[in-house]
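Chain letters run A, B, ... following the sequence lines, proteins first, then strands; residues in each count from 1.
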There are 2 protein chains.
Amino acid sequence: MKNCSVLVVEDEVAIRDMLRMALEIADLRCIEADNILDAHAIIVDRRPDIVLLDWMLPGGSGIELLRRLKRDKLTEELPVIMLTAKTSEDNVIQGLEVGADDYITKPFAPRELIARIRALLRRSGAMPSSERIEAGELVLDMSSHRVFIAGELLAMGPTEFKLLSFFMAHPERAYTRSQLLDQVWGGNVYVEERTVDVHIRRLRKALQNDMGDCSHFIQTVRGTGYRFSPPGI
Amino acid sequence: MKNCSVLVVEDEVAIRDMLRMALEIADLRCIEADNILDAHAIIVDRRPDIVLLDWMLPGGSGIELLRRLKRDKLTEELPVIMLTAKTSEDNVIQGLEVGADDYITKPFAPRELIARIRALLRRSGAMPSSERIEAGELVLDMSSHRVFIAGELLAMGPTEFKLLSFFMAHPERAYTRSQLLDQVWGGNVYVEERTVDVHIRRLRKALQNDMGDCSHFIQTVRGTGYRFSPPGI
DNA sequence: GCGAGGCATGACAATTCTGTGACAAAGTGA
DNA sequence: TCACTTTGTCACAGAATTGTCATGCCTCGC
């Protein structure tokens, strides 16, 4: 896993020891605090990737810290897992409402905790870059249905977009015209195989602009069909 | 709460009934499926905001569905909560590893479930964390139900407002007419897809006044639908 | 070097898709 | 009830896309 840091806010030494060990095994960096003031300073200062927060702490509860983080608009980015002995349904709901992303009750299973940390890191880290395929200067964004070369938007028709999506999802592999018709046009249409050539031509033309030329990514395989082969592999 | 849709994948009718009621109270739209094939089709087609997934289902386990979603790169955006009677630590870990964001064991407390759904929607970005969304000169205020360009109030109908809210909460992403009908009109209405075009037209017209013109924020994605894309990204 | 087949290219008409104004039905509030 | 707003549908025009074809270039085998 990436170099992720976990802030553990917990005053019981035994639990901190246990967590430190579990996090080390999971290849996560552990930062520790035993009160909410230190915790707040660390969050502002060192920006951990995730926080494990006990409810009952000396000098102020974890819920207070959550409220303060929420007020400072820090929770939107920062995932928080409550890890506490307060097990009542009302407690759980309160914790989640105030801004926690998950709520685990003590005693807890270390491996499950790690799995939940990973799930949350995945969710919070995976958000910005979602369905993007990149090939050199060429970037295709499925969700927004757009293609860029070096950040500049390209214009192309729906069929060209579908064709390029298919190619970029299956690079370095030659496809016959018939296979492309199946995959891109859908199996139940009757069109000439030569039609593929024309759309390849249009796609190649679309892959050129002032910022660069990616038209050579699409290579002709004589006697067979075409292949998408970006440089640098 | 915003107009969020929850896909419930569960074969026990009693639990589905209970969930339907709980979701209705929480102001969440409920879509139901009792097998993984239907569930997959619904996810691809109607793009629910979150999925509640049982483990044991007729015709294939929930874990299989998760694996398939992961392979299709759909889980990165789609939050999934496992909701199952399989309570062992290994099950929990397996579920989370395969891509679930949370794991709740039956029997469960409905209010806690709702709180966890809300926490996850908040994290995944489906729910705007603030009551106020801004995009360039354009400002939408959820609580007062008003829209401004450069401080000047815009006039628009309820449907246009809902459409704009949805777009502003999900910028930079192309939606089909069918998805917009699901998300903005609500799943259970029958209206022509072209109706969306007309409301897009009305919304675009409403987004112009003396102070500025934001109508170009709404872009046509030919062959697909529309996308909200404010400048400056 | 020379055909023959395979591919690239530009043009074009048919088709499909979207923008737009109009209109009647349904809903709202006084 | 009446004026007014909102909503869904339709028809038409304009624009973009698509499939096909004719032509010319390129490559390969001989």
Flag side-chain contact, heavy atom, 4.5 Å: [X] against [Y]:
| X | Y | result |
| --- | --- | --- |
| C30(B) | E32(B) | yes |
| Q94(B) | V98(B) | yes |
| V221(A) | Y226(A) | no |

In whole angstroms, how far is the [atom2] atom of [N] from the [atom1] atom of [X]?
| X | N | atom1 | atom2 | value |
| --- | --- | --- | --- | --- |
| Y190(B) | dG8(D) | OH | P | 13 Å |
| I218(B) | dT20(C) | CD1 | P | 12 Å |
| R222(B) | dT17(D) | CZ | C1' | 7 Å |
| D197(A) | dC26(D) | CG | C1' | 14 Å |
| R194(B) | dT20(C) | CZ | P | 12 Å |
| M156(B) | dT7(D) | CE | P | 12 Å |

Would you say [X] reaches [N]'s phosphate, i.e. side-chain N/O to OP1/OP2 under 4.0 Å?
| X | N | answer |
| --- | --- | --- |
| T220(B) | dG19(C) | yes |
| W185(B) | dT7(D) | no |
| Y226(B) | dG19(C) | yes |
| T195(B) | dT7(D) | no |

Taking for each residue the nucleotide of DNA chain D bearing the nearest heavy atom, is the 5' side occupied by R202(A) or by P158(B)?
P158(B)

Count the heavy atoms belonging to other residues, nucleotides or ligands that lie under 6.0 Å from CZ of R173(A), then report whether that count exceeds 12.
no

Side chain of T159(A): nearest nucleotide among dA8(C), dT18(D), dT7(D)?
dT18(D)

Side chain of V198(B) only, heavy atoms from C-beta on: which candidate in dC10(D), dT17(D), dG6(C) is closest?
dC10(D)

Contact class for [X] vs. all strands (heavy atom < 4.0 Å): base, sugar-phosphate, or nothing?
| X | value |
| --- | --- |
| R204(B) | sugar-phosphate |
| F161(B) | nothing |
| E193(B) | nothing |

Kindly assign one of parallel, tilted or perpendicular to the pair F228(A) and F167(A), based on the angle between their ring planes and the thresholds 30° and 60°.
parallel

